[in-house]
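My questions will all concern the structure given below.
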Amino acid sequence: MSAASDYQRLRAHLAFLRMGAAAEALPGMLDEATKAKLGHSAFLERLLAVEVDAVEERRQASLARFASLPSPFTLADFDFAAQPSVDPKLIAELATLRFVEDATNLLFIGPPGVGKTMLAVGLGHAAVAAGMRAYFTTASELAARCHRAALEGRWATTMRFYAGPRILIVDEVGYLPLPAEAASALFQVVSHRYLKGSVVLTTNLGIASWGKVFGDDVMVAGAMLDRLLHRSVVVNIDGDSYRMRSHRARAEAARKAVAGS
Ligand code: ADP
Ligand code: MG
């Protein structure tokens, strides 16, 4: 068999195995290998590394798409000096994602604008970077999706969907009171994930006012809190809204400029 037909067959094998990146890199790498007098195993290793990198990149991109994180902010972008009630050591520990291993839940509680969503999203990006499946949704989006699922007879599939990711971020619980049906949907999602996967939840309501989220259904609120808090880290953030803070800083600077002129 000639070198040319070997080459053709090798291309065909790579195409059959859907190793497109390796197939594409093959001619250049063969030339290089000849020039550098690479041994068989060294050559094969380099060729496969090209494919491994390409697959890894695709998997990363697909995890990132799936996660649906609403902003690109990472934990490194969080300004801890601006938010003294957030312990940087705690966030650094959470960023190791060890909390996911035993399905610990995470509650960010605080008024609007203090960075709850930013921290949750930052953890989401950390999870994606670590090759973990994460999914971001808001409480009202989750409720709407469950509502549609119930109407269309896809309840079980939808529960499986929300049970799937290692980390499920549910943003903005409590901003709007959830109708009974929505509260029950959220409760069931939390129950399906109980001890299996972490829920990262952000809310403006202190735990004592959780009855309100559930339309004063104390039973559901209590049962939900049991499951959420059984294994959990609660991060209470009190402090000024970051937006208001930068707004105030700008206003202050403008006032000074005007006063100085
Ligand atoms: P919350 O979810 O608590 O209402 P967000 O996370 O949406 O607050 O934060 C509001 C805005 O302020 C966002 O644009 C966010 O990126 C920014 N922000 C809040 N806290 C910080 C912080 N400590 N460092 C940098 N940006 C922050
Ligand atoms: Mg928010």
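Atoms within a ligand are numbered from 1 in the order they appear, just like the ligands themselves.
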**Asked** Going through the distances and angles, do F78 and F73 end up as a ring pair (Phe, Tyr, Trp, His ring centres under 6.0 Å)?
**Response** CA-CA 8 Å; F78 194 78; F73 293 127; over 10 Å; no
**Asked** Are E56 and R59 within salt-bridge range, i.e. N to O under 4.0 Å?
**Response**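 Salt bridge present between E56 and R59.
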**Asked** Judging by distance only, is a nitrogen or oxygen of F80 under 3.5 angstrom from one on ligand 1?
**Response**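 No; every N/O pair is 3.5 Å or more apart.
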**Request:** Could you tell me whether ligand 1 has any atom less than 4.0 Å away from a heavy atom of T202?
**Result:**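 No heavy atom of T202 comes that close to ligand 1.
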**Prompt:** From the Mg ion (ligand 2) out to just under 2.8 Å, does an N/O/S atom of M118 turn up?
**Reply:**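 Under 2.8 Å: M118 has no N, O or S contact with the Mg ion (ligand 2).
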**Message:** More than 12 heavy atoms of other residues, nucleotides or ligands under 6.0 Å from CD of E24: yes or no?
**Reply:**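 No, because the 6.0 Å sphere around CD of E24 holds 12 heavy atoms or fewer from other groups.
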**Prompt:** Does an N or O from K116, backbone or side chain, lie closer than 3.5 Å to an N or O of ligand 1?
**Reply:**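 For ligand 1, there is an N or O atom that lies under 3.5 Å from one belonging to K116.
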**Request:** Check if D77 has a non-hydrogen atom at a distance under 4.0 Å from any atom of ligand 1.
**Result:**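 So D77 counts as touching ligand 1.
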**Prompt:** Closest approach of R11 and L26, non-hydrogen atoms and distance?
**Reply:**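 Closest approach of R11 to L26, heavy atoms only: CD-CD2, 3.7 Å.
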**Prompt:** What about G115: any of its N or O atoms under 3.5 Å from an N or O on ligand 1?
**Reply:**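 The answer is yes, given that G115 and ligand 1 share an N or O pair closer than 3.5 Å.
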**Asked** Hey, does the Lys NZ or Arg CZ of R193 hover above the aromatic six-ring of Y162, less than 6.0 Å from the centre and inside 45° of the axis?
**Response**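 R193 over Y162 ring: no.
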**Message:** Within a 6.0 Å radius of atom CZ on R46, are there more than 12 heavy atoms belonging to other residues, nucleotides or ligands?
**Reply:**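 Open: at most 12 neighbouring heavy atoms sit under 6.0 Å from CZ of R46.
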**Request:** Compute the shortest N/O to N/O distance between F73 and ligand 1 and return yes if it is under 3.5 Å, no if not.
**Result:**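 In this structure, F73 places no N or O atom under 3.5 Å from an N or O of ligand 1.
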**Message:** Under 4.0 Å from a heavy atom of P112: which atoms of ligand 1 are those, numbered in the order shown and with their elements?
**Reply:**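 Every atom of ligand 1 under 4.0 Å from some heavy atom of P112: 4 (O).
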**Request:** Quick one: sort the Y135 and F161 rings into parallel, tilted or perpendicular, breaks at 30° and 60°.
**Result:**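 Geometry flag for F161 against Y135: perpendicular rings.
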**Message:** For the 3.5 Å polar cut-off, considering only N or O atoms, please tell me whether F78 and ligand 1 meet it.
**Reply:**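 No: no nitrogen or oxygen of F78 is under 3.5 Å from one in ligand 1.
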